[in-house]
Each structure stands twice: as structure tokens, then as C-alpha cells.
Amino acid sequence: MSGHADPGLPFWRKYIFSTDHKVIGVQYAVTGLLFLLFGFGLATLIRWQLAYPGQPLPLIGGWFAESQMLGGIMLPEFYYQLGAMHGTIMVFLGVVPLAVGGFGNFVLPLQIGAPDMAFPKLNLMSYWLYFIGGVIMFASFFVPGGAAQSGWTSYPPLSVIASDGQTWWLIGMAFLINSSLLGSVNFIVTIVQLRADGLSFGRLPFFVWAQFVTAFLLLLAFPPLEAAAVLQLMDRLAHTSFFMPSGLVINDAVVNISGGGNAVLWQHLFWFLAHPEVYVLVLPAMGIVAEVIACNTRKPLYSYKGLVLSAVFIGFMSFIVWAHHMFLTNMGTVMSTFFQVTTMIISIPSVVILTVLVLSLWGGAIRFNTPMLFAIAFLPMFGMGGLTGLPLGLAASDIHLHDTYYVIGHFHYVVAPGTIFALFAGIYHWFPKVTGRRMSETLGKIHFVPSFILMNCIFFPMLMQGLAGVLRRMYDPLQYAHAQAAQPLNVFASAAAWLLALAQIPFILNFFGSLFWGRKTGENPWEATTLEWAAPSPPPHGNFLEAPHVYRGPYEYSPPQAKSGFWPQHVKDPR
Amino acid sequence: MSESASSIRYINRPHPVTGVTNAKLGIWCFLASEVMLFGALFSTYLLLRTGSASWPHGPATLNVPLATLNTLVLIFSSVTMVMSWASLATGNFRKYRLYLGLTALMGCVFLVVKGFEYGHKFEHHHFPAASTFYAIYFTLTGLHGLHVIGGIAVNLYFLFRGRVLWQRDPERLTNRIECAGLYWHFVDLVWIFLFPILYLL
Amino acid sequence: MSGHLSEEAVKQHVRIYRRVFLALGALTVLTVAVSYFHFSVAVAVAVALFIAVTKGSLVAAYFMHLKTERKIVWGILAMTFFFFVFLLTAPSLHHR
């Protein structure tokens, strides 16, 4: 199915413990997709409780343990496990491994003309650390007390006194963070050192730039969360008081700890990672969209420099905006002003990228194939997500919107019909390169249309609910009178979510069916210019028969002199 | 090692523009991440100390003579580490083993002294849970100590596998020792800051 | 042979290492000695950090060969240092 490893290796070294970036990329992608599916499943359960609170779950209610659903009726503890783990799994086990580990690993060395990553054995370790972290996270559902249930944000003091599942979450995160760190070192060194001759930084496909910036975010932003996880483990296991304030009373009893800690410290360390993390979620997606748009408009992107400078600027700024997640923690005015200003500034390069991509469509000979549909849909969806972020980044409006469904609507717009659509675009676009076969265009369109409509049906109502004051992380949506009025929106969104699950069936059928019965294809079915399309489909071990030399930039589509309508980067004289 | 289209470049020879091998760039990137890791803990220290009404005076609470000894031990081990690289760079394998062995030994001395420090604290019931001072003291020095253990492990690997690696590819071993040295010097660097901050202020 | 340093150059390095070692030892003694003076908090912190930065710079520049590295390594470290400063100070400035 994927790139062939060195002939002569036993099966387990060719496909299980491989050091070939293509095999590892596929491993990341498949594992990531499975976790995305699982995380989506958790969300469908959440949506039942929100639509029909306190009602027994039909058909499958009996599958759950009594500690989760009593008589098929969801217990609050389980609802909070679902919430915390849905977020954790989607972000850390689903989207990033697919976007960075999957697409990054497979495409990056090919796009820069390298035979593999700089450190193949480190790459192998990265994947298996991720896998172990994923197993730990999954297994945490089955420990006494269940999985982590203090939000994916794990705020103390609640997270410190929570059941064992939280300890598993912290240990699982340590594995995931270390996996990510090794991966980011690999990506940075590979891009800096292993570019083919003639491939200057100014000729790199934007996808590579996006992965490059993303790697720096992962490298420098994750360690503080690792430190924080150690501190929270210390609080939980060694009874220290890093995050536990003095005088804490729980269930009418004074907690027997030294005190003197600071719960907001956790928030600083957590968000120091978690804000750059959202750019980790979106930059690779923007990279994919840029590649698909350039290829399917048959013209260069509107402003390569604008895209690159914006991506680099976003990466830099993303480190100094984090406290906009903490406006309601009794923050001083100087701090608050600082973070509002940096947050407003960081919106500018995001708008530049979006504008460049939209302008890239103008005057193009657009091919509306499935990857292009998803790529184009990304643009307004990410636009919605980005615009709804603005009132959250301003402290005055954030007072009303913080911890409401508006926030949930905002970030889901960016990640779900945003990033995940871009990832679908990437799958449809690069499937031929990975497998040597084409996916069905018909099934692709049947996948796209309902997905696009239903994503909006799920998340737009959340924006309305949030503006009406409906709070997030509430087991009982009918608890407050002002939320009761918005309950019909919950039913509507839940129905849309369940239909969205069904809408993924054509994709799953297409994906697996095409593996066996898809039309076979050659090197360059999309007639694209970047280097990965110069290798066979799928590429052999070592990728290129001869080391490619690069002669031009990445998007020379429809140059006047070209006979074939495009100039690949590696062809010396395409006339 | 001959270079074909399918072999990874710049493993032994440095990249013409960046001037470094892949491993050296890689280890510097890793050290950058370690700066952020310890940075978070120093940030924690700063926040906890400035936020507390009273904070123990370092010299009155911790063992300054032992820690000073440990500081000198680590600095000395940094010298022996870089000397082990210099020995390989001039082709002197025996001296490399001597210096590398000394480095690992100094690392163990550091840990033993640390063990005495910790043991003394535990005897007097000064556990991490006792106060935020002890919490951050044990966590900062403990994480640093884990890094020392990691460094000793890496150095012992190169000590025992050294002859095989030297015979197979001397240039590669020299480069790998330089990278191991970068890590070891970093561990020394962290202690250079830890020592005055925890013990002397 | 390292491939990019001559034997003479390495001997030159070794001479520097010895001098740096002595300097580091002296600075260690100095930082301990200074701690016996009862300075105000601000002065004590400033002096301690100044000495530590000096020692650290010697280790980085000479033992870690940073002095002879090119832009890429310096660039990564400069960027890291910038973010490190934010991480170090922001939580403590929360109420400002």
C-alpha cells in the first residue's frame, strides 16, 4: 500500500518498526484517523445528553458500565469524562498526528527531494511514543473512577483532587509531548539540512514552510506543559502544593497540604503551550489548502511572500498571546492590555493568508475535484472561526463570552470545517501518491456536500447559544432558565451531528474500497509541479532514483512558454 | 560512506551553509526545548517565591558547602567531557576513554553528593510536600538529577561501545561525542543557574 | 580526526579550556563569597545572576563551541531566549 521499505527486511521491520518516513507517515495517519473516529464517537454521546438530558440512550445504552450510565442514563462523571477526553483525543491523538505526523512525515521529505527524514530511527521512536501515549489515554477510561474529567485543560484544584484517570492523562501527555519533541527536531533538521540542490528556502512549497513553523511551535511551546504535568503529578502523588492555594476547603474539610500554591500558574503553563497548539492545528491545514488550490487553479498562488511572511509572523506571535485564555482570572490591566494587543495583531497575518488564498482563486481555471471542494470550503469556514475569535480576544466582550458555547462554536469552526476539511483535502489529493490508486470522485462529492452543510448546522447554533449565555461543560443543559430557551438548538445540533457521522460512511467506503479497487495511476495524476509528484506512486525506499535538482519555484502553473501547462520544479527544460 | 541518491547527507560532513552536521543541529534544537522546560520551572520558582509572605533563606536551609562541591564537580566534568572530544579530534583514543570515564565518574560523584543532601533532608522530614520551597527545590534539582543520570548513561554507552565505533567510523564517533558533550555542558549550565538561585539567595 | 579542525587548532582549544576552567572555579568561589554579604534582595539577585550569566556564557562560548557556530544556531537560541524571558516573567506579573 505505502512506500516499499528496503527489500530483504523481515515483515516486522518493514511495516511495524520501520524507519522509512513513508511507512511511519501512514502509521501516524491511520492511527490518527482511528482516534478522530473515536473522538467523534465520544462527541455523539455528548450530543445525546445535551439534546435529551437524563434520557436513557437507546439501543447502545446497555453497552456501558453502571459507573458510566445507570440504566442507560448518562452519569455526570461520565459526561465530564467524555468532554475532557473528546478534546484531548481530537487535538493530541487525532488532528496533530494526522496533520503533522501523517502528512508531514509522508510528504515533507518527498517535497524537498530528500531520501528520508534526517533521523529515521528517531522518527520510529516518535511514532511509538505517540502510540503508547494513545494506549494510555484510551485505557484511562477503564480505571476506577474513569478517565480524566476536569476538561482537556485540567485546571487545578479540581484536577489535583480528581480520580486516577487524571494521573493517567498526565502520564499519557508526557509520552505524547516527548513524541512531539523528537518529531519537531526531526522536521527542523530535515528542512534546514536535506533540501535538494537548487531548493532554496524561497522555492519551498508553502506546505513545507507551514510544517517548518509548526515544528518550531512544537519544539519550544510543549516543554512548559511537560513541566506543568510534572508539577501536577507532584501535587497529586507527592501532595505538594504547586497549584493548591492555602486554606483550601473541600467537602467541608480543610485539605491537609502545605498550601502556598497558585492555581493560575497551571493556567499560564498550560496555555503557553495550548495557544501555539492551535496554530499547530491550523498551519499544516493552510499548507495543504495552498498546495491543492495552486494545483487546481492551474496558476501560481497570489502572493507566495505574503503567505510565507505571514506564517512566520504567526508562529512568532503565537508565543505571546496565550493569556487571552485567562482574562477572567483577576488579571492586572497592564497584562490584559498587552495580551489584547498581541492578540489583535496576530489576527492580521491570518487574514493575509486567507486573503491570499481567496485571491489565488481569481482568474484560475478551477478544477472542482474533491480535494479542491474541501480546500475551497476551508476558506469561509476558517474565516468564520477566525472572525468569531475577535470578541474573545478583547477582554470586555470576553467577559460575557468566556466559558460559553460561543467559545466552543468558535474553535470548532476553525478545527472541524476548518482544519479537518483541509485534512480531507489532503487525503483525497495525496492518496494517489501514497497508494498508486485514485479515489472515487463520486463518493468524494457525496462525502463533501452533506459534511459541509451539517458542520454548519452543528456549530453555528453554538455561537447563538453562547451569545444567549449558555455555559459550556454543563451536564444538565436545562439547569439554568436562560439556557432552557436555547434547548431546541441543542436538539438541532445533535441531529446534525448524528447525520454528520453517517455522512462519513461514503468516505470510509471510498478510502478502503479504493485501496483495492481504485483506478491505478502514474506519478503525477494531478499534473502538479512540486517534487513529490516526480517520484513513483508509491515511491520506493529512498524515494528518488536520482537525487532531484530544483530549477524554479513551486507553483509554475500555466507559464506562457509551457507546452504541457505546467513546469515541474525538477525538470531542467520543460519546453 | 559513499553517498548515493538514497543516502542521507551531512551525517559526517557539515552542511556548506549552516556549517553543522544534522546531529549537531538536532542537539541544539533539543537543547532549545530544554531551555523552555527548565524555564517553566524557574518561572514557577519566581512566582511561588514572589507570591509568598516568607521564603526560607537558601544558605540557612540548604547545604551550601556540599552544593559548592557539586558545582565544582560538574564544572570539572565539563572540562573532561570537552577534553574527551578533543582527544578524539586529535586521534588519541586512549585519552578519549580516560577523559570520558572521568566525566561519567564525576557525574556519579555529583549524584552521590546529591543523595547525601536528599537523605539528610528526608531524615529531618523535609519532604516535597512540606512547603512550596521544598516542593520546587526537590523538583528542580530532581529533574536536573534525572538529566545527569541520562547523560551518564549516554556517556557510558560511548565508553563501552567506543572501540567498535572508533574502528567503524572515527569521524562519526568524534561528531557524536561532540553532540553528547553539548548535552552534558547544558546540564552543567543549568546547575550553574540552579546553584545560586536555590542555595545562595 | 574531526574532519573540520586541525591538530594545532584542537591544541589551541585545549589551552583555552584550561583557562576557562580556572575562570569558572574562581567565579564559583566568588558567587559563594558574595552570598555572605547582606545585600538587599535586588542587589543580591542582580549580582548572583550576573555571575551565573558570565559562567554560563563561558561554558556556552568555549565548551559548547558556540563562539564559532554560524547564524542558524545563534538564531534558534536567540528566538528561544526571547520566549524564555516571557515564560519566566509573565506568570509573576499576573496582577500588574
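Being a predicted model, the structure only gives us computed values, none of them experimental. Lettering follows sequence order; numbering is per chain, from 1. Atoms considered below: every heavy atom in the structure, side chains included; atoms not considered: hydrogens, waters and symmetry mates.
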### Message
Counting C-beta onward and ignoring hydrogens, is there a side-chain heavy-atom pair between C/His13 and B/Val82 closer than 4.5 Å?
### Response
no
### Summary
Rounding to 0.5 Å, atoms CG (B/Leu201) and CZ (C/Phe39) come to a distance of 12.0 Å
### Message
Please determine whether the number of non-hydrogen atoms from other residues, nucleotides or ligands lying under 6.0 Å from atom CZ of B/Phe116 exceeds 12.
### Response
no
### Query
Looking only at heavy atoms, which two atoms of C/Gly25 and B/Leu72 are closest? And how far apart?
CA-CD2, 4.1 Å
### Query
Taking all non-hydrogen atoms of both residues, which atom of B/Gly39 and which atom of C/Leu87 are closest, and how far apart?
C-CD2, 3.8 Å
### Query
Atom CE in C/Met64, atom CE in B/Met81: separation rounded to 0.5 Å?
11.5 Å
### Message
Need one label for C/Leu77: side chain, backbone, both or neither, based on atoms under 4.5 Å from any heavy atom in chain B.
### Response
side chain
#### Entry: Contact leader toward chain B among C/Leu27, C/Thr89, C/Val53, C/Val20, where contacts are heavy-atom pairs under 4.5 Å
C/Val53
### Task
Examine whether an atom of B/Phe76 lies under 4.5 Å from a heavy atom of chain C, and if so say whether it belongs to the side chain, the backbone or both; otherwise answer neither.
both
### Query
Can you find a heavy atom in the side chain of C/His65 that is under 4.5 Å from one in the side chain of B/Leu182?
no
### Message
Just so I know, are the side chains of B/Phe195 and C/Thr31 near enough to count as touching, which here means a heavy-atom distance under 4.5 Å?
### Response
yes
### Task
Could you tell me the separation between the OG1 atom of B/Thr90 and the NZ atom of C/Lys11, rounded to the nearest 0.5 Å?
7.0 Å
### Task
Any chance you could lay out the side chain to side chain contact (heavy atoms under 4.5 Å, CB included) test for C/Lys55 and B/Thr71, step after step, and finish with the verdict?
CA-CA 11 Å; C/Lys55 289 168 78 178; B/Thr71 308; 3.9 Å; yes
### Summary
Applying a strict 4.5 Å limit to non-hydrogen atoms, the region of B/Val79 in contact with chain C is both
### Message
Please classify the contact of B/Thr18 with chain C as side chain, backbone, both or neither, using a heavy-atom distance under 4.5 Å.
### Response
both
### Summary
Turns out that what part of B/Val17 lies under 4.5 Å from chain C's heavy atoms comes down to backbone
### Task
Heavy-atom distances under 4.5 Å only: say whether B/Leu200 touches chain C with side chain, backbone, both or neither.
both
## Note on the structure
The ring-ring contact (aromatic ring centres under 6.0 Å, His included) partners of B/Phe38 (sequence neighbours excluded) come to B/His147
### Task
Go through the atoms of C/Val32 and report whether side chain, backbone, both or neither lie under 4.5 Å from a heavy atom of chain B.
both
### Task
Answer yes or no: are there more than 12 heavy-atom neighbours, outside B/Lys114 itself, under 6.0 Å from its atom NZ?
yes
### Summary
Distance col, row B/Leu69:CG vs C/Thr28:OG1, nearest 0.5 angstrom, shows 11.5 Å
### Query
Under a 4.5 Å heavy-atom cutoff, which of C/Leu88, C/Thr80, C/Val85, C/Val73 has the most pairs with chain B?
C/Leu88
### Message
Would you compute the distance between atom CD1 of B/Ile192 and atom CG of C/Leu24 and round it to the nearest 0.5 angstrom?
### Response
5.5 Å
### Summary
Output for pair (B/Leu25 CG, C/Arg70 CZ), nearest 0.5 Å, gives 12.5 Å
### Task
Heavy-atom distances under 4.5 Å only: say whether B/Leu48 touches chain C with side chain, backbone, both or neither.
neither
### Query
Is there side-chain contact between C/Ile76 and B/Trp28, with at least one heavy-atom pair below 4.5 Å?
no
#### Entry: Proximity breakdown for B/Leu41 and chain C, heavy-atom pairs closer than 4.5 Å
neither
### Message
Just so I know, are the side chains of B/Thr68 and C/Val29 near enough to count as touching, which here means a heavy-atom distance under 4.5 Å?
### Response
no
#### Entry: Selection from C/Tyr62, C/Tyr17, C/Phe63, C/Tyr36 maximising heavy-atom pairs under 4.5 Å formed with chain B
C/Phe63
### Task
Looking only at non-hydrogen atoms, find the nearest pair between C/Ser92 and B/Ser43 and report the distance.
OG-O, 4.4 Å
